[in-house]
Amino acid sequence: MKRLTLLLLVLAVAAPLLAQTDPPLEETFLLRHVSGTTANPGTHVPYVLSNDGTSPWVFFHALSAHVTYVSESGPADQRNEVFSTNWFAGGVHGRLGDRTTVVLRGRISLEPYTIKEEGYPQILQFVSPEGGDVLIDHMRPHDLFGEAAAEIAFRLSGASFVHVYAAAVGDPALGAAPAELRASGVDFADAPFSYDIQETFHNKTRVVTAGYASKVLKLEGSMFHDAISTGDHTEFDDGDFDSQSVRLTLMPTPSTSVQVSRGELGEDELTKRDVTSASLGYASGTVAATALWTRREQETRAAVTAMSFEVALRAARSTILARVESVDRPQDLFLDRDALDPAVERTSHFTVGYLLDFLGGYRYKGGVGVNVDYHTNTHKLEDSPLYGHKPQSIYAFVRFRTR
């Protein structure tokens, strides 16, 4: 396990920061992938690209970091805390002959060191064992290692490819891009409340994905190990292939993508589950939006569903953020934490925010903003000192990221 950890760290940080350049369009297929073989809608390459102008190899990197102060209202004992959510990705992209391209890519997050092990305060958040440690009213740090992977693509024509992706840690072909990497989600300071259902299948080990892609569709399948990180989230459990997934992505226009996917995760009777996902995404220079539906089914628990819609509206230096979510939770979870009822109930959550960029260069931008979480149907929680009247969280933050 120590050797695997060292390998992941070496792959994840191998991304020199050099001068900007742009490759020809036919070479950007692999560079559009933000996590595993998942791309955001649109033709934008989400990395800062760099080489010396003569080499066929291009180095690239991307990063995002929030430093956030959270303050709660409602509970008798309010929590106020400073924490940082962040990630850094980088690698190298090059050509092997006229038709073959290859990418080596890694991604890390320092959240295990910038967020407490029990997570940062987030009222009415819930993370189940499938997401790591059980958490209520907290959001866990992301894993130290998000990706350490290689991908190769062979161009069949000017607009079609077959490709293979292999990762010690990576993202299988299941669902939309992770929230923190989505064009519509990257600027939010806090995680979605649908995290436990919609996000916990992204970081897995021994991931192998193969597929075919053209300008209008992408069909791919994955095999992987259903790894889970716990504790300080710096290591994964290891094991053999025990999971598989398949995903179809349609791109009717350059700015629009539709994905449907299905995954069977794990072999253990208590934790194995089936995940079905569908999403619609749109991204342009001023608008990025994602509508996402996910259902998780298990033999030992009731099926749960999450629906979410998020949008980022960008104009000049201003960004308006909004996210609406409807999520299944264990019944009366927030009133009786010791009895996770097998029945479920639906909760609704709204997040709105504003971000003003004071730094808006070609490669990087930095800004200050605020997010506010609002929850409906909380009247039954009013008599609880844990929540009080109208439990809410306000997140004030400074954000720095690549464009």
Side-chain angles (χ1 to χ4, degrees), residues 5-25 27-40 42-67 84-95 101-114 141-153 165-171 177-188 202-203 283 285 288 357 359-367 398-403:
T5 300
L6 180 60
L7 173 63
L8 297 177
L9 187 59
V10 171
L11 287 175
V13 300
L17 311 181
L18 304 175
Q20 177 83 14
T21 188
D22 294 312
L25 180 62
E27 295 183 12
T28 63
F29 170 66
L30 296 182
L31 283 170
R32 292 173 186 170
H33 293 168
V34 296
S35 181
T37 58
T38 308
N40 281 313
T43 59
H44 172 66
V45 173
Y47 300 104
V48 174
L49 308 176
S50 54
N51 71 1
D52 60 7
T54 61
S55 172
W57 296 93
V58 177
F59 293 95
F60 61 87
H61 72 278
L63 62 91
S64 176
H66 289 71
V67 177
S84 173
T85 53
N86 54 79
W87 56 265
F88 174 85
V92 61
H93 171 277
R95 299 182 61 178
T101 55
V102 63
V103 157
L104 301 177
R105 185 176 67 235
R107 187 177 72 254
I108 61 173
S109 173
L110 297 181
E111 290 181 21
Y113 309 108
T114 61
H142 282 95
D143 300 315
L144 174 62
F145 300 108
E147 189 169 34
E151 187 175 10
I152 188 168
Y165 169 90
V169 171
D171 194 353
E180 69 275 14
L181 302 177
R182 287 198 293 264
S184 57
V186 65
D187 287 325
F188 284 89
H202 286 300
N203 288 8
D357 279 307
L359 171 67
Y362 180 70
R363 298 184 186 181
Y364 305 98
K365 57 183 180 179
V398 178
R399 188 271 286 125
F400 178 80
R401 72 173 175 94
T402 45
R403 296 185 64 86

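Keep in mind that the numbers below use all heavy atoms, side chains included, and drop hydrogens, waters and symmetry copies.
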One pair to check against side chain to side chain contact (heavy atoms under 4.5 Å, CB included): Arg182 and Val34. What are the steps and the verdict? CA-CA 8 Å; Arg182 287 198 293 264; Val34 296; over 6 Å; no
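- With rounding to the nearest 0.5 Å, the separation of CG in Asp187 from NZ in Lys365 is 6.0 Å.
- Nearest heavy-atom pair, Asn203 versus Arg107, reported as atom, atom and distance to 0.1 Å: OD1-NH2, 3.9 Å.
- Side-chain contact between Tyr165 and Leu30: absent, with no pair of heavy atoms (C-beta onward) separated by less than 4.5 Å.
- Contact check for Leu110 versus Phe88: no side-chain heavy atoms found under the 4.5 Å cut-off.
- The shortest heavy-atom contact between Arg399 and Asp357 is NH1-OD1, 3.0 Å.
- Under a 3.5 Å cut-off, the side chain of Ser109 and the backbone N or O of Asn86 do form a donor-acceptor pair.
- Put simply, the side chain of His142 never gets that close to the backbone of Ile108: no donor and acceptor are under 3.5 Å apart.
- Shortest non-hydrogen contact noted between Phe60 and His93 is CE2-N, 3.9 Å.
- Side-chain contact between Arg401 and Val186: present, with at least one pair of heavy atoms (C-beta onward) separated by less than 4.5 Å.
- Contact detail for Leu104 and Ala150: the closest heavy-atom pair is CD2-CB, 3.5 Å.
- The shortest non-hydrogen separation linking His44 to Arg403 is NE2-O, 3.9 Å.
- You'll find the side chain of Leu144 reaches within 4.5 Å of the side chain of Tyr113, heavy atoms only.
- In this structure, the side chain of Ser50 engages the main chain of Phe59 through a donor-acceptor pair within 3.5 Å.
- The backbone N or O of Ser184 sits nowhere less than 3.5 Å from a side-chain atom of Asn40 that would complete a donor-acceptor pair.
- From Leu181, atom CG reaches atom OG of Ser64 across 8.5 Å, with rounding to the nearest 0.5 Å.
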Go through Tyr47 and Thr28 one step at a time and tell me if the side chain to side chain contact (heavy atoms under 4.5 Å, CB included) criterion holds. CA-CA 11 Å; Tyr47 300 104; Thr28 63; over 6 Å; no
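- Taking 4.5 Å as the limit, every side-chain heavy atom of Val169 sits out of range of all side-chain heavy atoms of Glu147.
- Here the side chain of Thr402 pairs a donor or acceptor atom with the backbone of Leu63 at under 3.5 angstrom.
- His66 approaches Ser84 most closely through the heavy-atom pair O-OG, 2.8 Å.
- Put simply, CD on Glu151 and CG on Leu31 are 10.0 Å apart, with the number rounded to the nearest 0.5 Å.
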